[in-house]
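Read the structure below first, then the notes.
What you are looking at is a predicted structure, and each value in this text was computed from that prediction instead of being measured.
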Amino acid sequence: VDLSQSFDSAERVSAEQRDQNGDCKIDTWLYFEKGVLVRQGQDTQGRGRPDVLNHVDAKGNVIAQEVASNGKTPDKKLFLGPGGVVVSQCLLSEDGKRLNARALVEKGVVTEVLIDSDGKGSADTRQVLRGGQLVELDADTNVLQREGKAVGVLEVERDGFVAADS
């Protein structure tokens, strides 16, 4: 099968599966809402299921991309700006439900990284980079839970010097 389509109640295409590379296996999945493409899945590794999922805006631009390196659950998510330029990249936990790290990108260069080093669901480390070099490191090293709010000591390293704020 080279092409399979599903239709909504208004007889518009709601989903489409295609064999794009001619190997007789489905490798592209398209999903539509009210006849407009909103997601595109691609099997880039020949496993028979999508390992890349592109989210598309109303103009057809890819605005986010999820990657499942293992072919099952997403482990990386890219957010794209105008022209398809990466503005942020997130690394997800093994189950694909929690954020482990988020890198902010400006003009193709990582400028900031937020890291959840303890797996509790929030960033506890912040790295600031300039010219590809680490220039600042903020780490919440002594977190206490009081009335649902994190309080503690924040160690800030700038250009090799460490200062502690309480």
Is there a donor-acceptor pair closer than 3.5 Å between any side-chain N or O of Asn100 and the backbone N or O of Leu91?
no
Starting from Leu80, can I reach Val110 by hopping between I/L/V/M/F/W/Y residues whose side chains sit under 4.5 Å apart?
yes
Check: Cys24 main-chain N/O paired with Asp19 side-chain donor or acceptor under 3.5 Å:
yes
Determine, stepwise, if the pair Arg102 / Lys77 fulfils side-chain contact (heavy atoms from CB on, under 4.5 Å).
CA-CA 9 Å; Arg102 180 177 181 191; Lys77 189 166 186 174; over 6 Å; no
Side chain proximity check, Glu33 to Arg39, heavy atoms < 4.5 angstrom:
yes
Quick check for you: to the nearest 0.5 Å, what is the distance between Gln42 atom CD and Arg18 atom CZ?
11.0 Å
Compare every heavy atom of Asp43 with every heavy atom of Gly48, then report the nearest pair and how far apart it is.
N-OD2, 2.6 Å
Separation between CD of Gln5 and CZ of Arg12, rounded to the nearest 0.5 Å:
14.0 Å
Derivation of the side-chain contact (heavy atoms from CB on, under 4.5 Å) call for Thr125 and Leu114:
CA-CA 6 Å; Thr125 304; Leu114 303 171; over 6 Å; no
Of all heavy-atom pairs between Gln17 and Trp29, which one has the smallest distance, and what is that distance?
CG-CD1, 3.6 Å
Under 3.5 Å donor-acceptor, Asp51 side chain and Gln45 backbone
yes
Count I, L, V, M, F, W, Y as connected when their side-chain heavy atoms are under 4.5 Å apart, and connections chain through other members. Are Val13 and Val56 then in the same cluster?
yes
Please go through Val87's hydrophobic cluster and name the other residues, only I, L, V, M, F, W, Y counting, with side-chain heavy atoms under 4.5 Å joining them.
Phe79
Is there a path of hydrophobic side-chain contacts, each under 4.5 Å between heavy atoms, that joins Val38 and Phe7?
no
Leu37: which of Leu30, Asp57, Asn54 passes side chain to side chain contact (heavy atoms under 4.5 Å, CB included):
Leu30
Nearest 0.5 angstrom please: Gln20 CD to Asp2 CG, how far?
9.5 Å
State which residues pass salt bridge (Lys or Arg N to Asp or Glu O under 4.0 Å) with Arg47; sequence neighbours excluded, sorted by chain then number.
none
Evaluate the side-chain contact (heavy atoms from CB on, under 4.5 Å) criterion for residues Leu104 and Glu106: first the C-alpha distance (whole Å), next the side-chain angles of each, then the deciding distance (0.1 Å), finally the verdict.
CA-CA 7 Å; Leu104 303 177; Glu106 293 178 13; over 6 Å; no
Check whether Val128 and Val105 end up in the same hydrophobic cluster, where Ile, Leu, Val, Met, Phe, Trp and Tyr are linked by side-chain heavy atoms less than 4.5 Å apart.
no
Interatomic distance, Thr28 atom OG1 to Gln40 atom CD [nearest 0.5 angstrom]
6.0 Å
Test: Arg126 and Glu136 ion pair at under 4.0 Å:
yes
Before you tell me yes or no, could you show the steps for Leu129 and Val113 under side-chain contact (heavy atoms from CB on, under 4.5 Å), namely the whole-Å CA-CA distance, both residues' side-chain angles and the distance that decides it to 0.1 Å?
CA-CA 8 Å; Leu129 298 96; Val113 180; 4.0 Å; yes
For Glu66, enumerate each residue passing the salt bridge (Lys or Arg N to Asp or Glu O under 4.0 Å) test, keeping only those at least two apart in sequence or located in another chain.
none
Measure from the side-chain N and O atoms of Asp8 to the backbone N and O of Ser14, and report whether any donor-acceptor pair falls under 3.5 Å.
no
Exercise: identify the closest heavy-atom pair between Asp75 and Ala68
OD1-CA, 3.8 Å
